[in-house]
Amino acid sequence: MLQRHLQDTYQYLFDSAHTALKQGGSFAPFGAGIRKTGEQIHTNVDLPIDRSAPQDHISGLIAGFRLDEKENGLIAAGLVFDGRSGADNAAALCFHLEVANGQAVEVIVPYARRAPDEIAFDDPQLSEVQPEIFAELS
């Protein structure tokens with residue numbers, strides 16, 4: 001069951017990030033989660049892009065997820081940002097996803113812009129990582 005919630009969160013984040021990329025340019029990091037009630041949430045951090053770094057947004061998202069967990073209970077949560085990966089420093093969607101049992105994965109999906117609204121994605125690269133969202137809970 002938790003795997004399904006992890007997959008659903010990834011799919012939501014991927015689809016939303018893909019839409020943002022097709023609209024042009026980059027985007028500020030954002031997140032999504034699934035509450036214990038089954039409700040899917042979308043979250044972002046209201047920081048000025050010109051005066052903040054992606055890490056500021058990511059830290060804010062993690063703090064927001066922790067608060068939401070305390071107030072509402074989360075099953076899964078994750079975030080995505082437009083970053084770089086690999087030796088060639090290629091553009092990539094970078095995901096951090098977790099389920100409430102403490103399992104965490106990082107998914108890196110390199111991409112190339114073929115046209116302003118056409119994005120070609122490479123195969124996702126998946127690796128297990130340390131939990132950050134549910135870290136205080138496990």
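Between A76 and T9, the shortest heavy-atom contact is CB-OG1, 3.8 Å. Smallest separation of non-hydrogen atoms from F27 and V80: CE1-O, 4.1 Å. Shown here for Q103 and Q3, the closest heavy-atom pair between the two residues is OE1-OE1, 3.0 Å.
Counting only residues at least two apart or in different chains, salt bridge (charged side-chain N to carboxylate O under 4.0 Å, His left out) contacts with residues 33-49 comprise R35-E39, R35-D68. Residue pairs meeting the ring-ring contact (aromatic ring centres under 6.0 Å, His included) criterion with at least one member in residues 41-63, sequence neighbours excluded, are Y12-H42, F30-H42.
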Exercise. Evaluate the criterion side chain to side chain contact (heavy atoms under 4.5 Å, CB included) for residue pair E69 and I133; output intermediate values, then yes/no.
Key: CA-CA 9 Å; E69 164 57 24; I133 297 168; over 6 Å; no
Q.
Go through it in stages, so that I can follow the logic: the residues are I34 and D8, the test is side chain to side chain contact (heavy atoms under 4.5 Å, CB included), and I'd like the CA-CA distance, side-chain angles, deciding distance and then a yes or no.
A. CA-CA 9 Å; I34 300 175; D8 290 348; 4.0 Å; yes
* Step by step, would you call L13 with L97 a side chain to side chain contact (heavy atoms under 4.5 Å, CB included)? -> CA-CA 10 Å; L13 288 169; L97 304 153; 3.7 Å; yes
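Residue V105 is not grouped with residue I108 when hydrophobic side chains (ILVMFWY) are merged at heavy-atom distances under 4.5 angstrom, including chains of intermediate members. Linking Ile, Leu, Val, Met, Phe, Trp and Tyr residues whenever their side-chain heavy atoms come within less than 4.5 Å places Y10 and L126 in a single cluster.
Among residues two or more places apart in sequence or in another chain, the salt bridge (charged side-chain N to carboxylate O under 4.0 Å, His left out) test is passed with D122 by none. With sequence neighbours excluded, no residue forms a side chain to side chain donor-acceptor pair (under 3.5 Å) with Q40. In this structure Q55 satisfies the side-chain contact (heavy atoms from CB on, under 4.5 Å) test together with I58, S59, sequence neighbours excluded. Taking E106 as the reference, nothing meets the salt bridge (charged side-chain N to carboxylate O under 4.0 Å, His left out) condition, with sequence neighbours excluded. Listed by chain and residue number, R114, A115 satisfy the side-chain contact (heavy atoms from CB on, under 4.5 Å) test with E118 (two or more places apart in sequence, or in another chain).
By the 4.5 Å heavy-atom criterion applied to side chains, I62 and L79 are counted as neighbours. Here the side chains of L74 and I41 are in contact, with some heavy-atom distance below 4.5 Å.
Judged by distance alone, with hydrogens and angles left aside, the side-chain atoms of R113 form no donor-acceptor pair with the main-chain N or O of G24 at under 3.5 Å. Side chain of E98 to backbone of A77: no donor-acceptor contact under 3.5 angstrom is found.
Note that OG1 of T19 and NZ of K22 are 5.5 Å apart. Values are rounded to the nearest 0.5 Å. Put simply, CG on L47 and CG on L61 are 9.0 Å apart, with the number rounded to the nearest 0.5 Å. Residue Q23 holds its CD atom at 11.0 Å from NE2 of H18, rounded to the nearest 0.5 Å.
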Report all side-chain donor-acceptor pairs from residues 81-95 shorter than 3.5 Å, counting only partners two or more places apart or in another chain.
| unit_1 | atom_1 | unit_2 | atom_2 | d |
| --- | --- | --- | --- | --- |
| D82 | OD1 | Y111 | OH | 2.7 |
| D82 | OD2 | S26 | OG | 2.9 |
| D82 | OD2 | Y111 | OH | 3.1 |
| R84 | NH1 | N89 | O | 3.3 |
| D88 | OD1 | A90 | N | 3.3 |

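Between the side chains of H5 and Q7, no donor N or O sits under 3.5 Å from an acceptor N or O.
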